[in-house]
Each structure stands twice: as structure tokens, then as C-alpha cells.
2 protein chains.
Amino acid sequence: MNVEEMSLSALRRITHATDVHSRALLREYQLTGPQVSILKEVARQGEAPIGALAKASYLGAPTVTGIVDRLERQELVSRIRTDVDRRQVRIALTAAGKRLLARDPSPLHAGFREQLLKLPKTEQRHICDALDRVATMMEFAASEAQQSSTPRT
Amino acid sequence: MNVEEMSLSALRRITHATDVHSRALLREYQLTGPQVSILKEVARQGEAPIGALAKASYLGAPTVTGIVDRLERQELVSRIRTDVDRRQVRIALTAAGKRLLARDPSPLHAGFREQLLKLPKTEQRHICDALDRVATMMEFAASEAQQSSTPRT
DNA sequence: CACACATATTTCGTGTTGAAAATATTCGCA
DNA sequence: TGCGAATATTTTCAACACGAAATATGTGTG
């Protein structure tokens, strides 16, 4: 199997494992992986607008809108409209949201985290480097493709 | 940012780039990334049942059923029921499917592929190793979680 | 043979995802 | 002031993904 096929296969395995974990989270916390990610991002940023959450999570605004809808339905966050800019919606954690985060759910398997941290520091760095390089190469490829369809300004 | 957060962030960036590319494919070939993957898998295996395609692609059978539905709608594959086992459905490439594959669509960005292949062989190996290790660690973590919820037989 | 069990696929329900379009609001400029 | 451009969010739409349940078929045992 060549490099391309191996990478593709590994990426599919990663996606699959992530998805399976997301459904396990749903059973345990009534919350999926992306919902946990956004909830944590809200906690990190504090009263953040949708757009900021989307950017920080590498998701589109419509996606985050849907996730926030479901978090709001469970009253883990609330939408706040301020008078400074009435287009913006700020997402705030509720008390229930804080309680849930205190249970420390993670979008990644606890077992994965353990194994990763058990590796020597150099190994950990190698892995992070590799993931980062793959991400960067893909993003660069995407931006090039974008430009080639709009050759001149 | 710690190792965990960096990995998570890189994985989300990879997922996002992959998804964006899938939509670009749709414009160019009227086919998404997963559809291309399955079409290629059909070409590789030749008259494969749904289950075999699902396993090879790390997808669930219901997911592949949907993808095959859409490929069939475009007449790129056809479902064949044999008399040996009438539960099974074998998926076969049509002439149109072969023609489309001849245009060499890829579920990964062409630009990404180029960059990957331009790297020194050792770098390529590092990246494949890292991706494979992440996948393996996640799958192992998932299988452990599975077992802990069914402690005894 | 009949009935329980196993296997292959599909259907259904819910959640995730992004592009395009719709909506609401703000900003810049004449 | 007024009006067009820019910005923030939501809606709509199609695809993807999985688990559970439904359906159809095959297998094995009494």
C-alpha cells in the first residue's frame, strides 16, 4: 500500500473511532463530541459570538448554530443579544452547563489520552508534528484550489 | 497548548479540509469524497457485497447503503442479486463508473498528494506512522471502553 | 419438517457538516 | 439623512454517519 492509501485509510479509521466515541458520549452525558467541543469552547472564551466559536473550532457558522440549538434545548447554554450590536448573539454557559463540564467529558477517548501521555515526550512531539503537517498541507492545497478558480483580482 | 489540545485541533482541521474538498469534488465530478472512495473500492474488489465495502472503508453498512443508492442513481454502479445467497447484494461498476474513474478523482486534494510525495521518504514514513499510531490508539481505547461496559461473560 | 438463531441489507431517527440564500443589523459615504 | 455594502446569524438543502429495528434469507438442531 502506498503512502497516499495508507494516510487515507488511517484518516478514515480516526474519523470512525471519533464518531463511535461521540455516540458513547451521547449515552453517558446526553451530549455528542462536537457538542462537548463547543461547550468547552464557550467555557474557554466566555460569552462568545457564534462566529468566534466556529472559527476556533474549524467549523462553519451554520454547523455551530445547530449545535448551539441543541445545547440550548438542554439549557446548557443560553443566547444573549446585547445592545452594542444586535446582529451578534453571545453564547453563555448556564449553571447546568458548568455542572456538566465539571464532570470533565472529552471529545477524545480517555483511553486515547492516557496512551498518548504515556509515550515519551519525543514521540508525542512527532505525532503532533505529523498531524499538524497533514492539516497544514491540506489547508494549503485547499487554498490553492480556491485561488486557481479565481485567477485574477 | 498541550499535546491533547494540539492533536484535537489538528484533527478538526483535517476533517474540515477533507469536507471542503468533498464539496469541491461534487462540483467537478458530481461525486462526493465518500462516493469516490466507495467507487474506487468497488473497482478494487470487483462485484463486492455491501458488507465487504463497509469493512474495507471503515464505515457502517447503513452508510454504504446510502452511498451506493446515490451512485446507483447516477448509474455508476449497479446492484446484482445472485442465486447463491439471495440476502447478498453485489455491487458492480458500470461502463459509466469506469469512465468516471478513468478521470482519476481522489478523495484527497491533488495538492495534498503532491506535497506529501515531494517530502523525503523518511518524512513520509513518519507521517504514515504517526497517523497509524493515532488510529490504533483510538481503536484500542474504543475497544477497551466497549469491554468495560460488559465486564463478565 | 419446524423453529430458533445467525447473517445481509435496508429503513428510520438523530446529529453533523458546509454552501447558498434569506434575514437582520451596522457602517461608510455622498 | 439615506442608501448600498459589509457583517452576523439563521434557514434551507443535500450528503454523511451510526445504532436500533425491520426485513429477508440462510443454517442448524431437535
Side-chain angles (χ1 to χ4, degrees), chain A residues 12-27 29-38 48-55 57-74 79-91 107 142 146 149, chain B residues 11-38 48-55 57-74 79-91 107 142 146 149:
Chain A
R12 282 193 308 225
R13 286 164 61 202
I14 291 170
T15 303
H16 185 253
T18 304
D19 204 348
V20 167
H21 176 60
S22 175
R23 287 163 215 276
L25 277 179
L26 191 53
R27 282 193 297 276
Y29 297 95
Q30 283 72 55
L31 231 54
T32 64
Q35 287 169 24
V36 170
S37 291
I38 293 296
I50 294 272
L53 297 175
K55 197 157 289 180
S57 312
Y58 302 96
L59 292 172
T63 303
V64 177
T65 294
I67 292 172
V68 167
D69 284 347
R70 287 179 282 276
L71 290 175
E72 203 177 20
R73 201 194 300 157
Q74 295 197 45
R79 282 179 161 89
I80 301 173
R81 296 202 106 100
T82 64
D83 275 351
V84 246
D85 182 344
R86 296 229 309 270
R87 290 169 305 181
Q88 273 195 11
V89 170
R90 294 186 170 274
I91 313 300
Q146 177 64 30
S149 69
Chain B
L11 290 176
R12 281 193 307 226
R13 287 164 61 201
I14 291 170
T15 303
H16 185 253
T18 304
D19 206 344
V20 167
H21 174 59
S22 176
R23 287 163 214 275
L25 276 178
L26 191 54
R27 281 194 296 277
E28 192 171 356
Y29 296 96
Q30 283 72 54
L31 231 55
T32 63
Q35 286 170 25
V36 170
S37 291
I38 293 296
I50 293 273
L53 297 175
K55 196 158 292 182
S57 313
Y58 302 97
L59 292 172
T63 303
V64 177
T65 293
I67 292 172
V68 167
D69 284 347
R70 288 179 283 276
L71 290 175
E72 202 177 21
R73 202 193 301 154
Q74 294 197 47
R79 282 178 160 90
I80 301 173
R81 295 204 106 101
T82 65
D83 275 352
V84 250
D85 183 342
R86 296 229 308 270
R87 289 170 305 180
Q88 273 196 10
V89 170
R90 294 187 170 275
I91 312 300
Q146 178 64 31
S149 70

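Naming: A, B, ... by sequence-line order, numbering from 1 per chain.
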> Who passes salt bridge (charged side-chain N to carboxylate O under 4.0 Å, His left out) against R12(A), sequence neighbours left out?
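Salt bridge (charged side-chain N to carboxylate O under 4.0 Å, His left out) list for R12(A), sorted by chain: empty.
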> Tell me every residue that passes salt bridge (charged side-chain N to carboxylate O under 4.0 Å, His left out) with R81(B), counting only those two or more places apart in sequence or in another chain.
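Result, salt bridge (charged side-chain N to carboxylate O under 4.0 Å, His left out) vs R81(B): none returned.
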> Kindly write out the residues that satisfy side chain to side chain contact (heavy atoms under 4.5 Å, CB included) with T15(B), not counting sequence neighbours, or none if the list is empty.
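Side chain to side chain contact (heavy atoms under 4.5 Å, CB included) list for T15(B), sorted by chain: empty.
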> Which atoms form the tightest heavy-atom contact between G33(A) and P107(A), and what is the distance?
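Closest approach of G33(A) to P107(A), heavy atoms only: O-CB, 4.0 Å.
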> Run the side chain to side chain contact (heavy atoms under 4.5 Å, CB included) test against P49(B) and tell me which residues pass, sequence neighbours left out.
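So P49(B) forms a side chain to side chain contact (heavy atoms under 4.5 Å, CB included) with A52(B), Q88(B), R90(B).
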> Side chains of L31(A) and L25(A): closer than 4.5 Å at any heavy-atom pair?
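When only atoms from C-beta onward are counted, L25(A) and L31(A) do not touch, as no gap falls below 4.5 Å.
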> Verify the contact: side-chain N or O of H16(B) to OP1 or OP2 of dG18(C), cut-off strictly under 4.0 Å; return yes or no.
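Answer is yes, contact under 4.0 Å.
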> Measure from CD1 on I67(A) to P on dT14(C) and round the result to the nearest Å.
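Value for this atom pair: 18 Å.
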> Got a donor-acceptor contact below 3.5 angstrom from the T18(B) side chain to the I14(B) backbone?
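Yes; at least one donor-acceptor contact below 3.5 Å.
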> When you measure from the side chain of R86(A), which nucleotide among dT17(C), dG15(C), dT26(C) comes out closest?
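Ranking dT17(C), dG15(C), dT26(C) by closest atom to the R86(A) side chain puts dT26(C) first.
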> State which residues pass side-chain hydrogen bond (donor to acceptor under 3.5 Å, both in side chains) with R86(A); sequence neighbours excluded, sorted by chain then number.
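In terms of side-chain hydrogen bond (donor to acceptor under 3.5 Å, both in side chains), with neighbours along the sequence ignored, R86(A) is linked to no residue.
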> Find the distance R12(B):CZ to dG18(C):P and express it as a whole number of Å.
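It is 12 Å, rounded to the nearest whole Å.
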> Looking at residues 18-26 of chain A, who's got a heavy atom less than 4.0 Å off DNA chain C?
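Under 4.0 Å from DNA chain C: no residue of residues 18-26 of chain A.
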> Salt bridge (charged side-chain N to carboxylate O under 4.0 Å, His left out): which pairs involve residues 14-24 of chain B, sequence neighbours left out?
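Every pair satisfying salt bridge (charged side-chain N to carboxylate O under 4.0 Å, His left out) with a residue in residues 14-24 of chain B: D19(B)-R23(B).
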> I want to confirm an ordering. Mapping T63(A) and R73(A) to their closest nucleotides on DNA chain C, which one lands closer to the 5' end?
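Comparing both residues, the 5'-ward one is R73(A).
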> Would you say the side chain of I91(B) lies within less than 4.5 Å of the side chain of V64(B), judging by non-hydrogen atoms?
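With C-beta onward as the side chain, the pair stays apart.
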> Can you give me the first and the last nucleotide of DNA chain D (5' to 3') that has an atom within less than 4.0 angstrom of a non-hydrogen atom in chain B?
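The contacted stretch runs from dA15(D) to dG26(D).
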> Which pairs would a plain distance check flag for residues 66-74 of chain A, meaning a side-chain donor or acceptor within less than 3.5 Å of a matching protein atom at least two apart in sequence or in another chain?
unit_1 : atom_1 : unit_2 : atom_2 : d
D69(A) : OD1    : R79(A) : NH1    : 3.2
D69(A) : OD1    : R79(A) : NH2    : 3.0
E72(A) : OE1    : R79(A) : NH1    : 2.6
E72(A) : OE2    : R79(A) : N      : 3.4
Q74(A) : NE2    : Q30(A) : O      : 2.7

> Sugar-phosphate means primed atoms, P, OP1 and OP2; the rest is base. With that split, encode nucleotides 2-12 of chain C 5' to 3' as B, S or - using protein heavy atoms under 4.0 Å.
----BBSSBB-
